[in-house]
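Please read the structure below before turning to the comments.
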Amino acid sequence: MTNATQAPPTVLPKRRVNNAFRNLMSLHWWMAWAYLVLFVGGSIMAQLPREVSFRSSLYDFHKSIGILTIGLLLGRVLLLLRVWWRKYSRQFPQTSAHWWRRLLLHSSLYGFMIVVPVTGILLSNSFRSNNVKFFGIIIPDIFPQNAAMVEVGRSLHFWLAYSFLMFVVVHIIDQWKVVRAIVRRWKNWAQTLMQITANRVSKAESDR
């Protein structure tokens, strides 16, 4: 039997989460919620008759969220370029059919994220000048008032929005493992919250 002691195993330091990537994912989810509001709100607005009193306010809110998504998208693109620079400045990625497919999908999503709100601005500016507000602040017109472009803007905004929605569905299917992990996390959080609530109720009843 030897007296030599074995050296303790080397513990590798955990890889630190890149701050830029974490911020990028945070923006991803903020924008996801914003687009959910836009899609749901847009579908409701389209069904409302003009006599409804809050219809105009709903349109203003819809436009404000649309402007917000443009600002978030600009920040997201800057962060994405930063992440890509850190990841690929020293070594170019190993491309494959899968890599190109995902690149095409994400590039399409980014394209829709800009053209959908821009066509909304086209529709609003064509209908009336100073018709786009960001939570009460008038946004300068990008397009001139032009009655002939109203239907063009409406059609473009409608069809591009639903094309965008189809690409979002494809993105969800492509990231289905991540989606299932998120759903499991939400379920665990809900179960924990319900257990805490039940324990508090039980304790309150026993103290009576």
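All residue numbers in this chain count up from 1 along the given sequence.
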Treating Lys187 as the side-chain partner and Ile182 as the backbone partner, does any N or O pair qualify as donor plus acceptor under 3.5 Å?
no
How are the rings of Phe164 and Phe112 set to each other: parallel, tilted or perpendicular (split at 30° and 60°)?
parallel
For Leu156, which of Val115, Val116, Thr119 qualifies under side chain to side chain contact (heavy atoms under 4.5 Å, CB included)?
Thr119
Shortest non-hydrogen contact between Pro117 and Gly66, atoms and distance:
CB-O, 4.0 Å
Check whether any side-chain heavy atom of Ile70 lies under 4.5 Å from a side-chain heavy atom of Ile121, and answer yes or no.
yes
Of the non-hydrogen atoms in Arg55 and Leu48, which two are nearest, and what is the gap between them?
NE-O, 3.3 Å
Applying the 4.5 Å side-chain criterion to the ILVMFWY set and letting contacts propagate, would Leu109 and Val169 be lumped into a single cluster?
no
Specify the closest pair of heavy atoms between Leu122 and Gly153, including all atoms of both residues, with the distance to one decimal.
CD2-CA, 4.0 Å
Positive for side chain to side chain contact (heavy atoms under 4.5 Å, CB included) with Val77, one of Leu81, Leu74, Leu79
Leu81
Between Arg154 and His157, is any side-chain donor less than 3.5 angstrom from a side-chain acceptor?
no
Return the minimal non-hydrogen interatomic distance between Arg102 and Asp174, and the atom names on each side.
NE-OD2, 3.5 Å
For Ile142, is there any backbone N or O sitting under 3.5 Å from a side-chain donor or acceptor partner on Asn125?
yes
Establish whether Trp29 and Trp186 are linked, either directly or via other cluster members, by ILVMFWY side-chain heavy-atom contacts under 4.5 Å.
yes
Answer yes or no: is there a donor N or O on one side and an acceptor on the other, between the side chain of Thr69 and the main chain of Ala34, under 3.5 Å?
no
N/O donor-acceptor pair under 3.5 Å between Asp141 side chain and Asn130 backbone
yes
